[in-house]
Protein chains: 2
Amino acid sequence: MTAKNIIKPTESELEILQVLWEHGPSSVRFVNDTLNEKGTKEIGYTTTLKIMQIMAEKNLAKRNTDKRTHIYDANVNESHTQKHLLKNFVDSTFRGSAMKMVMQALGNHNASEKELDEIKALITKIEKGE
Amino acid sequence: MTAKNIIKPTESELEILQVLWEHGPSSVRFVNDTLNEKGTKEIGYTTTLKIMQIMAEKNLAKRNTDKRTHIYDANVNESHTQKHLLKNFVDSTFRGSAMKMVMQALGNHNASEKELDEIKALITKIEKGE
DNA sequence: TTGCTATTACGAAAGCTTTCGTATAATATT
DNA sequence: AATATTATACGAAAGCTTTCGTAATAGCAA
């Protein structure tokens, strides 16, 4: 626990984590079906299985092997991971300028009034010193 | 030119693009030195050379071979590329929710008053319908 | 029981990116 | 001119991730 855990899921692993984060503990079959519903390219069942097994090895996921159908669950926190990946992304793509990125995101995205209000509220909160 | 160009630079390529975007047309030597000043791990000269040659092949960069020392320049637009990568990132990491990501970014980042003002101005602009 | 289907396990191939060694050539130095 | 330095070219190895074929097994159905 003292050693810093470097979270660096691969693309496939991240896709699988998204399913686990969204749906909770799941079987390989469920994850594979979900991925195939969404994505364009068909992913083979054993491919998903293999990656999930690797994720268990890496402790990105934990699995319950009591039943024949193993149940996998995310073993990394969603917000934590997002925060970590966000930092990396900002560094590598926006040379560390989170603000530049936020401006891009706001400019590109068609934000709703409600969303904009939320952001304004957050800004107010920050300005008041958290 | 009609076909859509899929921009998917690798990590190394992106690091090099950052140097080219920031400093403009550069030699391999300069790029390699710059990368090595910043980063922790030493990158071999021929490694950088190779990747930049590949980037020229992929048309991520163009190069001038008039002189013995070739000069490379980015051949993809910075904002365009950032926008593209941002979309991918939001999709894969925040399940498409740009707002969720913006909130994370604002929450994590110690934004200055000036930066917050900029964002507020942008929001006002968006609310007035661009 | 006898087969049929679903699941895990495993290894290896395929596909990418990164790294490096070596050869060759151009330029600079002495 | 001879030598040293610097640059490009190229191929191949190393390292990862993804994909798939195959085997073994458990559970279900006829």
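Note on naming: letters A, B, ... go to the chains in the order of the sequence lines (proteins, then strands), and numbering restarts at 1 for each one. Atom set for the values below is all heavy atoms of this structure, side chains included, hydrogens, waters and symmetry mates excluded.
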Answer yes or no: does a side-chain N or O of A/Arg63 lie under 4.0 Å from OP1 or OP2 of C/dT7?
-> no
To the nearest angstrom, how far is B/Met52 atom CE from D/dT8 atom C1'?
-> 12 Å
To the nearest angstrom, how far is A/His70 atom NE2 from D/dT25 atom P?
-> 14 Å
Nearest to side-chain heavy atoms of B/Tyr45, which nucleotide of D/dA7, C/dA9, C/dT19 | D/dA7
Does any N or O in the side chain of A/Thr124 come within less than 3.5 Å of the main-chain N or O of A/Leu122, such that one atom is a donor and the other an acceptor?
-> no
Is a side-chain N or O of B/Glu13 found less than 3.5 angstrom from the main chain of B/Ile51, in a donor-acceptor match?
-> no
Can a side chain N or O of A/Arg29 be found less than 4.0 Å away from OP1 or OP2 on C/dT7?
-> yes
Side-chain H-bond candidate by donor/acceptor type, B/Glu57 with B/Gln53, under 3.5 Å = no
Expressed in angstrom and rounded to an integer, what is the separation of A/Asp66 atom CG from C/dT8 atom C1'?
-> 15 Å
May I ask you to decide if A/Trp21's main-chain N or O and A/His23's side chain share a donor-acceptor pair within less than 3.5 Å?
-> no
Rounding to a whole Å, what distance do you find between B/Ile54:CD1 and D/dT8:P?
-> 15 Å
Are any protein N/O atoms closer than 3.5 Å to N/O atoms in nucleotides 20-29 of chain C? If there are, list each pair with its distance.
from: C/dA26; atom 1: N3; to: B/Arg68; atom 2: NH2; distance (Å): 3.3

Send over the distance from A/Leu49 CG to C/dA9 P, rounded to a whole Å.
-> 7 Å
Looking at B/Ser12, does any N or O in its side chain come under 4.0 Å of the phosphate oxygens OP1/OP2 on C/dT18?
-> yes
Which sits closer to the 5' end of DNA chain C, A/Thr65 or B/Ile51, going by the nucleotide each is nearest to?
-> A/Thr65
Taking only the side-chain nitrogens and oxygens of A/Gln53, find out if one of them lies under 4.0 Å from OP1 or OP2 of C/dC10.
-> no
Round to a whole Å and report the spacing from CD of A/Glu13 to C1' of D/dT19.
-> 14 Å
Within this structure, what is the CZ-to-C1' distance between B/Phe30 and D/dT6, rounded to whole angstrom?
-> 18 Å
Any sub-3.5 Å donor-acceptor pair from A/Gln82's side-chain atoms to B/Met101's backbone N or O?
-> no
Identify whether any heavy atom of B/Glu11 sits under 4.0 Å from a base atom; if not, whether one sits that close to sugar-phosphate; answer base, sugar-phosphate or nothing.
-> sugar-phosphate
Closest non-hydrogen atom pair, A/Leu85 against A/Pro9 | CD2-CD, 4.4 Å
Would you kindly give the CD-to-C1' distance between B/Glu57 and C/dT18, to the nearest whole Å?
-> 15 Å
Main-chain N/O of A/Ser92 paired to B/Gln18 side chain as donor or acceptor, under 3.5 Å = yes
